[in-house]
Amino acid sequence: MNEVRKPPVATTGIIGWLRLNLFFNWTNSLITLFVIYCLYQFIPWILDWTIFSADFKYNYLGEQIANQEMCSRNLDPENGGACWAVIYVRFYQFIYGFYPKVEVWRVNIAYAMLALALLPLLYAKLPYRKYFLYFTYIFPVIAYFLLNGGLGFTEVSTNKWGGLLVTLVLGCTGIALAFPIGIMLALGRRSKLPVISMMCTLFIEFIRGVPLITLLFFGMVMLPLFLPEGIDMDGLVRVLVAVTLFQSAYMAEVIRGGLQAIPPGQYEAAKSLGMSYWRMNLLIILPQAIRISIPPIVNTSIGLFKDTTLVIIVGILDLLGIGRGTLADTNWLGLSYEIYFFVSLVFFIFTFGMSRYSLYLEKKLKTGINMGAD
Amino acid sequence: MSEESIISLKNVNKWFGDFHVLQDVNLEVKKKERIVVCGPSGSGKSTMIRCINRLEEHQEGSIVVDGIELTGNLKNIDNVRKEVGMVFQQFNLFPHLSVKENITLAPIWVKKMPKAEAEELAMRQLEIVKIPEQANKYPGQLSGGQQQRVAIARSLAMNPNIMLFDEPTSALDPEMIKEVLDVMVDLANGGMTMIVVTHEMGFAKTVADRMVFMDEGKIVEEASPDKFFNNPESDRTKLFLSQILHQ
């Protein structure tokens, strides 16, 4: 009878893992101990500062904090960590900007709808996914009327928008619009028609060769000059145009990279089956090219989401802008740690989510597919 | 062009840069005829059959397929491609689609066939190539021979009048060549017009109505298999046959 031999105990299980990864030899063990010591020093300190000794709404005397002088750490430097009261007091501005309080329910509904619109994209096994996807497609139109006004809603001018609202509007619209435009530009650049290919190449190279800040100024100052007289373009829309153009140039190059990885045989097989140029690209080439490009697509999208903070220089107050505005308020002077920590945390939650989503997509799309194999 | 010719190549010339890859090629193929094209590598045999469905453009001469002349006219090209199926050396299955989806894609999107009907058709084609049990797998999970048979089924699903085979067994491991050739023999016996570029001389002897031997961009010899293998005219053909049959 064949006896099944098991691997030696010392190489499996927790003990085996520890030995192989943390204490493989003496340098390895030394580094492990050093890192453990650093974590031992750092973690209790950061937990104490952010949570245990921090003020949330009341200081250590039990008074409700209304300005920086009442923070525990300003009353008694020996006592107290972060003073989160500034976030608590200014929370509304961080999330909605200067959106009128009476109308704020519209923003809340838009946030909820955004979550609902993302749901079918994030979760492929959702029941009735098709109908949810229809909602995702019409969501931008609904969100426009909901946030901006019209169709019976009172108009709320975009200069009252701010904080997370602006960050999400810029990030989501930029990413969502740049994707199809980028695909068209990438296909255009590879087109056999020299005029189309040259125009796309010129566009991509010009936009990529210019810093985003320059494009933002361009959108703010020069875009109105190109419009017919009498038509006034909204400030946020001008910035959106700049952000979208910028992102689509990068997206085009990322997708072009994916297109180049598709073997010519795929084009030939599609053509020999009688498929037209568009069918071939939509059904055969792009699904494979985009699959290959998921990591860089998410990479540039995360980049754009963070770059939206640059709109502060053209006077639009996004999440970071509201934070800086708060710091300039004499009531909250000197609380920069708390504010930057909070703004970073919010950005991190969104970008980390995007990064995890890309990992999930890669895993999901890899099943059963042996790309590039004969 | 004679009345019953389904493919007619007249004085076809093509260059890759300065390289004259097809030189005054003339070929008439009748309906239901099975042609095997052979010749050393670089002789232009693949280029010739790729011109027939316009994967390559010829620069001089005329190519007429089923009464449609191949020119720059995109509509004509589309119509010819609907008539002509092609099987490639590297299979070229779509790796992101299952076997069944590979086969149903073109009928659904090019022929506007309802999905259920296309799936039924796909299963029938898979029966013909003898792998119905692989319908839901992905190309990457199949052996080379199975992939090539799926590729044949995918072409057949468009119901072509003509099938072109571009070295269909050259990328296969030896033990898989037979399963693909068997399918091709069945197809030939079923009356399909076929042009096959191959070095499988056993296959050629079994099914070919006519052998075409190419060298340096020209058709050197055209003959029945019997005459071609036993009594070839040109010295170039004799040399080629002696090399390929005694390897």
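Note on naming: letters A, B, ... go to the chains in the order of the sequence lines (proteins, then strands), and numbering restarts at 1 for each one.
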Between G274(A), P264(A), S276(A), which shows the greatest number of heavy-atom pairs under 4.5 Å with chain B? G274(A)

Counting heavy-atom pairs under 4.5 Å to chain B, which of P287(A), A269(A), A270(A) comes out on top? A269(A)

Look at the side chain of E33(B) and the backbone N and O of K30(B), then say whether any donor-acceptor pair between them is shorter than 3.5 Å. yes

Is a donor on one side and an acceptor on the other found under 3.5 Å between the side chain of N102(B) and the backbone of S98(B)? yes

Ring centres under 6.0 Å, that's the criterion: do F246(A) and Y250(A) meet it? yes

Per the side chain to side chain contact (heavy atoms under 4.5 Å, CB included) rule, which among L286(A), I290(A), I284(A) passes with Q288(A)? I284(A)

Checking side chain to side chain contact (heavy atoms under 4.5 Å, CB included) against Q247(A), which of L304(A), D307(A), I181(A), T308(A) comes through? L304(A)

Considering only heavy atoms, which portion of [X] lies under 4.5 Å from any heavy atom of chain A: side chain, backbone, both, or neither?
| X | value |
| --- | --- |
| L164(B) | neither |
| R154(B) | both |
| F88(B) | side chain |

